[in-house]
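Both ligands and their constituent atoms are indexed starting at 1 by order of listing. Note that the numbering runs from 1 along the sequence shown for the chain.
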Amino acid sequence: MVYDLTMLKTFYALYERKIERIRTILQRPLTLAEKILYAHLYDEKNVKNYKRGEDYVNFRPDRVAMQDATAQMALLQFMNAGRDEAAVPSTVHCDHLIQAYKGAKEDIATATKTNEEVYKFLRDVSSRYGIGFWQPGAGIIHQVVLENYAFPGGMMVGTDSHTPNAGGLGMVAIGVGGADAVDVMTGMEWELKMPRLIGVRLTGTLNGWAAPKDVILKLAGILTVKGGTNAIIEYFGSGTASLSATGKATICNMGAEVGATTSLFPYDERMAAYLKATGRAEVADMATAVAAGLRTDDEVVANPEKYYDRIIDIDLSTLEPYINGPFTPDAATPISEFSEKVLKNGYPRKMEVGLIGSCTNSSYQDLSRAVSLARQVTAKHLHVAAPLIVNPGSERIRATAERDGMIDAFEKIGATIMANACGPCIGQWKRVTDDPTRKNSIVTSFNRNFAKRADGNPNTYAFVASPELTMALTIAGDLCFNPLKDTLVNADGERVKLSEPVGEELPLKGFTAGSEGYTAPSNVKADIVVEPQSQRLQLLTPFPAWDGADLLNMPLLIKTQGKCTTDHISMAGPWLRFRGHLENISDNMLMGAVNAFNGETNKVWNRSTNTYGTVSGTAKLYKSEGIPSIVVAEENYGEGSSREHAAMEPRFLNVRTILAKSFARIHETNLKKQGMLALTFIDKADYDKIQEHDLLSVVGLKDFVPERNLTVVLHHEDGSQESFEVQHTYNEQQIGWFRAGSALNAR
Ligand code: MIC
Ligand code: SF4
């Protein structure tokens with residue numbers, strides 16, 4: 001057993017009384033999210049009605065999870081925080097650094113060699129500070145958390161944006177940057193703006209080709225990539241109980257794609273069944289005993305308009321399968337309209353690779369439904385037109401799928417089974433292609449499809465769909481194929497139809513453990529050594545404190561145009577190897593962002609040399625001259641990942657301010673934590689006033705206080721000036737971080 005049963009016993013023993021007390025003080029019915037949030041206030045004395053979307057509140061999460069690509073920076077900061085042991089149960093998961101190429105066995109062997117130094121560091125630090133360690137190949141963080149640690153009513157933070165996956169087991173699980181994880185691991189209060197609540201009412205039951213994934217694919221189209229910012233999406237209504245726990249997890253996982261703080265389902269029998277199947281019958285019993293406290297109050301469900309900030313209805317019975325993309329996860333299209341869209345927009349029609357798995361969609365149910373289609377290939381004498389890649393989410397899933405003949409069925413149709421790791425989902429994919437300059441389409445059961453994400457190729461059009469639809473399109477090799485109505489020609493020249501996918505929610509014979517790959521912390525207090533000449537790891541030097549002056553005459557480093565996700569700011573793939581080395585990874589800063597003045601990437605005007613250069617090279621030169629610079633951006637800047645490198649790199653290269661039309665939640669917090677100024681336009685049209693050769697000043701910093709605007713002055717090249725007010729969301733404490741140079745300095 002890897003989870004802490006004693007902790008859970010105490011938690012459930014106190015839970016009901018806590019909820020009663022909260023209800024008595026607040027004097028109103030509660031939604032599930034409210035119950036869990038208020039039950040985790042840092043100081044129980046502080047129960048009062050917090051204003052959603054406005055008040056900052058301090059919480060005390062139960063757990064922390066970190067994955068290898070973000071854990072390095074999180075732990076480097078933790079090591080500077082002066083604690084001897086993590087204050088709450090915490091785990092590290094080695095999943096992002098394994099490159100998918102030949103198949104699981106070879107790829108893990110290669111990764112173990114190429115990442116030896118990093119894995120050793122993570123293992124040693126984990127052991128030293130009482131943190132559980134999951135080795136490469138054990139599985140993807142969110143799947144491993146769901147199988148072992150998530151519990152109804154709990155609260156956790158994870159250094160990965162898809163941490164909300166655990167909402168499938170009724171846990172408030174929130175993606176954060178490493179500095180936030182350090183707050184929790186040091187036992188300090190963890191701060192979050194009280195989220196707004198979006199209620200999604202599910203009715204009916206899924207049938208046919210529709211899968212849980214389609215709920216969130218449709219919702220992404222409704223909410224868009226920023227519609228969930230600073231909100232928790234709470235699912236309620238009769239339809240919730242018809243979805244498996246893992247299906248719920250898929251839906252919660254991808255809530256990250258609409259920017260939601262987290263997503264949450266009420267406790268039910270499907271969750272209990274999953275807990276039991278994964279060896280946690282005791283947790284299921286304890287949760288069942290307090291079940292009412294793990295659901296939204298009936299009064300809320302009866303009058304949701306009164307209690308949620310927004311309500312969206314989805315009828316599962318009529319839900320169509322969706323395909324979202326390319327380049328953004330909110331471009332949602334029902335399958336019935338997809339082929340028309342493909343033809344109209346000239347998307348490459350040939351479907352070149354199908355990819356199944358990832359943290360989003362590798363449950364037993366997902367795999368078994370996809371396998372039911374794979375089995376039809378042989379039975380109906382079909383031919384699979386595109387290569388198939390499968391990344392199981394965990395060793396437990398892989399071993400069970402192997403025992404039940406599913407791996408074999410995939411392999412029979414030519415699939416390559418990759419490691420139980422992120423792989424192609426995060427650009428760790430050594431894709432073999434005849435011509436990378438050719439536009440090409442891929443379909444994945446993953447969650448994100450930003451440009452260049454999977455294979456680094458801007459010519460790849462990536463679409464996300466359910467595993468079953470991904471499988472069907474892989475068989476057809478044609479984006480215009482609609483398995484609900486179209487037929488395929490088989491080897492005998494006959495027209496055949498794929499039958500609807502079917503599958504088991506949970507393995508009838510139970511899960512088999514596989515070789516789990518978990519190392520419990522030893523707590524041997526050995527010194528952690530980081531070699532000064534290492535290219536992979538670098539100890540952190542604190543950022544300098546604010547010098548007390550306004551930020552004057554900053555050159556515009558880049559004015560970005562359009563989408564600027566964390567993949568644009570700090571690319572993953574080959575750069576993941578520098579996630580523990582701030583100086584080295586800073587060379588990728590903003591290399592994917594489009595310069596608004598020339599439409600190109602990584603080509604910005606350098607005022608010191610009057611030539612064009614890379615973004616990081618230009619910033620580096622300014623830094624060497626002691627000049628701070630500024631970045632200007634459009635909507636939802638920093639969308640996507642929790643990687644705090646996207647905030648630390650600019651800070652390291654002396655960028656002092658990001659001025660955007662809006663920010664994604666995790667990224668805005670990351671910027672604040674690292675002592676940056678994250679400002680937003682009040683009048684978005686002011687973005688257009690900024691010219692390529694401008695110098696920008698931020699004035700009013702001596703009176704930097706919450707809720708008071710600052711002023712930006714533009715010094716144009718012709719000597720004229722313009723100024724406008726900009727706003728910020730810093731509270732007292734966060735202003736302290738800015739003054740101290742970072743949150744870590746302010747401790
Ligand atoms: C992602 O899906 O983008 C990642 C890679 O898992 C990131 C974390 C990272 O950048 O390391 C995330 O989602 O937070
Ligand atoms: Fe890994 Fe992809 Fe999941 Fe991120 S979204 S944790 S990269 S599998």
Taking 4.0 angstrom as the limit and counting only heavy atoms of [X], give me the atoms of ligand 1 inside it, by number and element.
X      : answer
Ser641 : 3 (O), 7 (C), 8 (C), 9 (C), 10 (O), 12 (C), 13 (O), 14 (O)
Ala69  : 11 (O)
His96  : 4 (C), 5 (C), 6 (O)
Arg643 : 3 (O), 5 (C), 9 (C), 10 (O)
Arg579 : 9 (C), 10 (O), 11 (O)
Arg453 : 1 (C), 2 (O), 3 (O)
Thr70  : 9 (C), 11 (O)

Counting non-hydrogen protein atoms only, what is the nearest one to [atom]? Give residue, atom name and distance.
atom                    : value
atom 8 (S) of ligand 2  : Cys359 N, 3.5 Å
atom 6 (O) of ligand 1  : Asp160 OD2, 2.6 Å
atom 13 (O) of ligand 1 : Ser161 OG, 2.5 Å
atom 8 (C) of ligand 1  : Gln67 NE2, 3.1 Å
atom 2 (Fe) of ligand 2 : Cys425 SG, 2.3 Å

Decide side chain to side chain contact (heavy atoms under 4.5 Å, CB included) for Met185 and Leu75; before the verdict, give the C-alpha distance in whole Å, the side-chain angles of both, and the deciding distance to 0.1 Å. CA-CA 10 Å; Met185 286 195 291; Leu75 293 173; 4.3 Å; yes

Residue [X] vicinity, atoms of ligand 2 by number, heavy atom under 4.0 Å:
X      : answer
His142 : 6 (S)
Asn447 : 5 (S)
Ile426 : 7 (S)
Asp160 : 6 (S)
His162 : 4 (Fe), 5 (S)

Got a second to check how far Met418's CE is from Gln99's CD, nearest 0.5 Å?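 Reported value, rounded in 0.5 Å steps: 9.5 Å.
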
Mind checking the OG-CZ spacing from Ser616 to Phe652? Nearest 0.5 Å is all I need.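 It comes to 11.0 Å.
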
Looking at the rings of Tyr3 and Tyr149, which for Trp means the six-membered one, are their centres under 6.0 Å apart?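 Judged by ring-centre distance (under 6.0 Å), Tyr3 and Tyr149 do not meet the cut-off.
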
Can you find an N/O atom of Ser642 closer than 3.5 Å to an N/O atom of ligand 1?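 The answer is yes, given that Ser642 and ligand 1 share an N or O pair closer than 3.5 Å.
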
With backbone taken as N, CA, C and O and side chain as the heavy atoms from C-beta onward, which portion of Arg453 lies under 4.0 Å from ligand 2: side chain, backbone, both, or neither?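 Contact part for Arg453 vs ligand 2: side chain (C-beta onward).
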
Residue part near ligand 2, for Asp95, under 4.0 Å between non-hydrogen atoms: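 Asp95 to ligand 2: no contact under 4.0 Å from either part.
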
Could [X] and [Y] be called an ion pair, given the rule that one side-chain N must be under 4.0 Å from one carboxylate O?
X      : Y      : answer
Glu395 : Arg398 : yes
Glu147 : Arg396 : yes
Lys563 : Glu639 : yes

Answer yes or no on whether Lys430 is positioned over the face of Tyr101, meaning its NZ or CZ is under 6.0 Å from the six-membered ring centre and within 45° of the axis.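 Relative to the ring axis of Tyr101, which defines the angle, Lys430 lies inside both limits.
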
How about His96: does one of its N, O or S atoms come closer than 2.8 Å to atom 2 (Fe) of ligand 2?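 It does not: His96 brings no N, O or S atom closer than 2.8 Å to atom 2 (Fe) of ligand 2.
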
Got more than 12 heavy atoms from elsewhere within 6.0 Å of CD, Glu106?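 Yes - once you tally the heavy atoms of other residues, nucleotides and ligands closer than 6.0 Å, there are more than 12.
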
Which of parallel (below 30°), tilted (30 to 60°) and perpendicular (above 60°) describes Tyr461 and Phe327?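 The rings of Tyr461 and Phe327 sit tilted, inter-plane angle from 30° to 60°.
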
Out of Ile658, Thr669, Asn636, Asn670, which residue meets the side chain to side chain contact (heavy atoms under 4.5 Å, CB included) rule with Phe663?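 So the option named by the test is Ile658.
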
Residue of the set Glu117, His581, Glu116 for which side chain to side chain contact (heavy atoms under 4.5 Å, CB included) holds with Arg536: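 Result for side chain to side chain contact (heavy atoms under 4.5 Å, CB included) with Arg536: Glu117.
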
Regarding Cys422, does it place an N, O or S atom less than 2.8 Å from atom 1 (Fe) of ligand 2?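 An N, O or S atom of Cys422 is closer than 2.8 Å to atom 1 (Fe) of ligand 2, so yes.
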
Closest non-hydrogen atom pair between Asp107 and Lys102, with its separation: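 So the minimum-distance heavy-atom pair works out to OD1-N, 3.0 Å.
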
